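A short write-up of the structure that comes next.
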Protein chains: 2
Amino acid sequence: MQSNSTTAYQQHDHHRCLKAALAQARQRCAERKARLTPIRESVLHLLWQSHRPLGAYKIIEQLSAASGKRVLPPTVYRALDFLLELGLIHRLATLNAYIGCPFPDSVHSDYFLLCRECGSVAECSAENVNDAIVATAEEAGFLVEKQTVEILGLCTPCQEKTRK
Amino acid sequence: MQSNSTTAYQQHDHHRCLKAALAQARQRCAERKARLTPIRESVLHLLWQSHRPLGAYKIIEQLSAASGKRVLPPTVYRALDFLLELGLIHRLATLNAYIGCPFPDSVHSDYFLLCRECGSVAECSAENVNDAIVATAEEAGFLVEKQTVEILGLCTPCQEKTRK
DNA sequence: CGCTTGGTCGTGATAATATTACAGTATTTG
DNA sequence: CAAATACTGTAATATTATCACGACCAAGCG
């Protein structure tokens with residue numbers, strides 16, 4: 001099982017997360033001969049400000065604020081599409097929001113732990129979950145192509161805070 | 001494992017599905033002292049026209065057409081909220097669409113098999129999937145409150161058609 | 001070097017999904 | 001019946017996402 005749940009929910013040197021993500025992005029783009037343009041990098045950068053997902057229009061706002069000029073939806077959606085395509089970010093269907101992928105390299109049928117209290121999201125790749133899903137789908141004769149697994153709940157720190 | 005995958009994807013006497021769903025709805029409303037008003041029943045009825053989920057605005061269209069007068073969004077969203085609350089329908093986050101629940105009585109951490117070809121959706125309650133999710137979340141110290149599991153792929157009949 | 005081609009970006013308009021606010025009507029309850 | 005509660009009608013608006021079209025830029029080629 002692969003997961004960034006410890007870093008996502010705890011105090012940590014987030015600068016390292018950001019740096020690692022950008023490095024991986026650059027490498028991946030080089031491999032695929034894709035261009036990590038300034039806009040695309042800015043969007044990725046924004047998504048890695050924290051482990052909290054960001055809606056497309058929040059990105060538009062922040063990008064507009066940062067650049068001083070009005071950024072329009074297609075600009076951001078195009079960047080998001082590009083990053084999604086490369087597996088550098090994910091879209092969270094239950095939140096209509098986007099988040100950076102902490103391990104774009106591993107081929108993942110991944111799932112997400114969304115803390116309803118602090119808003120942070122961790123990503124996991126757990127084989128047993130994947131196996132269970134594929135096995136059960138198979139029982140129904142269903143061919144699995146893409147999984148969307150989003151778990152809402154409380155992360156460890158927020159459980160402790162709530163208990164008080 | 002509980003599932004309606006055989007009926008959902010195959011030829012079947014759908015009238016029975018519809019009838020059963022309405023009967024269950026009436027019973028559940030009686031139990032909860034909730035009112036299955038004409039609008040609410042119409043919406044539920046529409047959602048049980050088939051095993052294909054329906055977007056809110058499709059419901060609005062159909063309801064408008066059927067009643068002869070313009071039905072506005074809040075009317076339908078209120079009915080949907082009511083039915084969701086009672087567990088009589090589900091919302092599919094990946095499709096922004098709604099579908100009738102085939103077994104509202106079982107307390108389910110359920111998941112959905114969405115066929116990308118025919119558009120039909122089956123619902124399953126599989127303990128092993130649920131267990132795997134809870135177990136893996138626990139490993140990360142995460143308290144699960146609500147699961148969203150939506151599997152995109154091909155149902156048996158559509159796999160066969162595609163193979164040709 | 002200039003040209004062409006394909007990918008990227010800027011912009012306005014619009015589509016699709018969902019919510020708010022408020023007034024009016026029906027239903028249940030005391 | 002009166003009061004309280006639940007339900008509905010309606011206009012306006014919020015939120016998320018896409019389309020269409022033209023300009024621009026960057027890489028490869030004659």
Side-chain angles (χ1 to χ4, degrees), chain A residues 25 28-44 46-47 52-86 88-99 119 148 150, chain B residues 25-26 28-44 46-47 52-64 66-86 88-99 119 148 150:
Chain A
R28 199 172 188 75
C29 285
E31 283 165 17
R32 307 283 190 91
K33 301 190 197 259
R35 289 166 50 199
L36 192 61
T37 63
I39 293 175
R40 291 166 178 174
E41 188 164 339
S42 300
V43 170
L44 186 61
L46 282 175
L47 288 177
R52 258 168 266 125
L54 227 48
Y57 278 72
K58 290 273 177 241
I59 297 173
I60 291 171
E61 266 177 40
Q62 297 199 23
L63 225 48
S64 297
S67 72
K69 53 187 170 182
R70 228 161 63 103
V71 173
L72 295 172
T75 302
V76 165
Y77 279 102
R78 282 191 286 238
L80 289 170
D81 287 344
F82 173 86
L83 296 168
L84 284 168
E85 195 73 30
L86 281 176
L88 295 170
I89 64 170
H90 297 288
R91 179 174 188 276
L92 297 169
T94 55
L95 301 178
N96 294 327
Y98 304 82
I99 191 166
T148 300
E150 300 179 15
Chain B
R26 275 189 274 269
R28 198 171 189 76
C29 285
E31 283 165 15
R32 306 284 189 90
K33 304 192 195 256
R35 289 165 52 200
L36 192 61
T37 62
I39 294 175
R40 292 166 178 173
E41 187 164 341
S42 300
V43 170
L44 185 61
L46 282 176
L47 287 177
R52 259 167 267 125
L54 226 48
Y57 278 70
K58 290 273 177 241
I59 297 174
I60 291 171
E61 264 178 42
Q62 297 199 23
L63 225 49
S64 296
S67 71
K69 53 187 169 183
R70 226 161 64 104
V71 173
L72 295 171
T75 302
V76 165
Y77 279 102
R78 282 192 286 241
L80 289 171
D81 287 343
F82 173 87
L83 296 168
L84 284 167
E85 195 74 29
L86 282 176
L88 295 169
I89 65 171
H90 296 287
R91 180 173 189 276
L92 297 169
T94 55
L95 300 178
N96 294 327
Y98 303 83
I99 192 166
T148 300
E150 301 179 16

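In the text below, chain A, chain B and the rest are named by the order of the sequence lines, each starting its count at 1. Not measured: the values here are computed from a predicted model.
We find that CG of B:Leu84 is positioned 10 Å from P of C:dT19, with the value rounded to whole Å. In this structure, A:Leu92 atom CG and D:dT16 atom C1' are separated by 15 Å, rounded to whole Å. What separates CD1 of A:Ile60 from P of C:dC9 is a distance of 15 Å, to the nearest Å. The separation between A:Leu54 atom CG and D:dT16 atom C1' is 14 Å, rounded to whole Å. Counting to the nearest Å, the P atom of D:dT16 and the NZ atom of A:Lys58 are 8 Å from each other. Atom OH in A:Tyr77 sits about 18 Å away from atom P in C:dG12, given to the nearest Å. Straight-line distance from the CD atom of A:Glu41 to the C1' atom of C:dT8: 16 Å, rounded to whole Å. When the P atom of D:dT16 is taken as reference, atom CD1 of A:Ile59 falls 11 Å away, rounded to whole Å.
Screening B:Leu44, B:Leu54, B:Val43 for a side-chain contact (heavy atoms from CB on, under 4.5 Å) involving B:Ile89 leaves a single residue, B:Leu44.
Taking B:Glu41 as the reference, B:Arg26 meet the salt bridge (charged side-chain N to carboxylate O under 4.0 Å, His left out) condition, with sequence neighbours excluded. Partners of A:Arg91 under the salt bridge (charged side-chain N to carboxylate O under 4.0 Å, His left out) rule, at least two apart in sequence or in another chain, do not exist in this structure. For B:Arg52, there are no salt bridge (charged side-chain N to carboxylate O under 4.0 Å, His left out) partners two or more places apart in sequence or in a different chain. Applying the side-chain hydrogen bond (donor to acceptor under 3.5 Å, both in side chains) test to B:Thr94 and every residue at least two apart in sequence or in another chain returns B:Glu150.
A side chain to side chain donor-acceptor pair (under 3.5 Å) check over residues 67-83 of chain B, counting only residues at least two apart or in different chains, returns nothing.
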N/O-N/O pairs, protein side and nucleotides 28-30 of chain C side, under 3.5 Å:
none

note = B/S/- along nucleotides 8-15 of chain D (protein heavy atoms under 4.0 Å) is BBBB----

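A:Arg28 places a side-chain N or O within donor-acceptor distance of the main-chain N or O of A:Leu86, the cut-off being under 3.5 Å.
Within the nucleic acid shown, A:Tyr98 comes within 4.0 Å of sugar-phosphate atoms alone, with no base atom in reach, counting heavy atoms only.
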task = Apply side-chain contact (heavy atoms from CB on, under 4.5 Å) to B:Ser42 and B:Leu46, showing your working.
result = CA-CA 6 Å; B:Ser42 300; B:Leu46 282 176; 5.6 Å; no

query = Where do A:Ile59 and A:Leu80 land on the side-chain contact (heavy atoms from CB on, under 4.5 Å) test, with the steps shown first?
reply = CA-CA 10 Å; A:Ile59 297 173; A:Leu80 289 170; 4.0 Å; yes

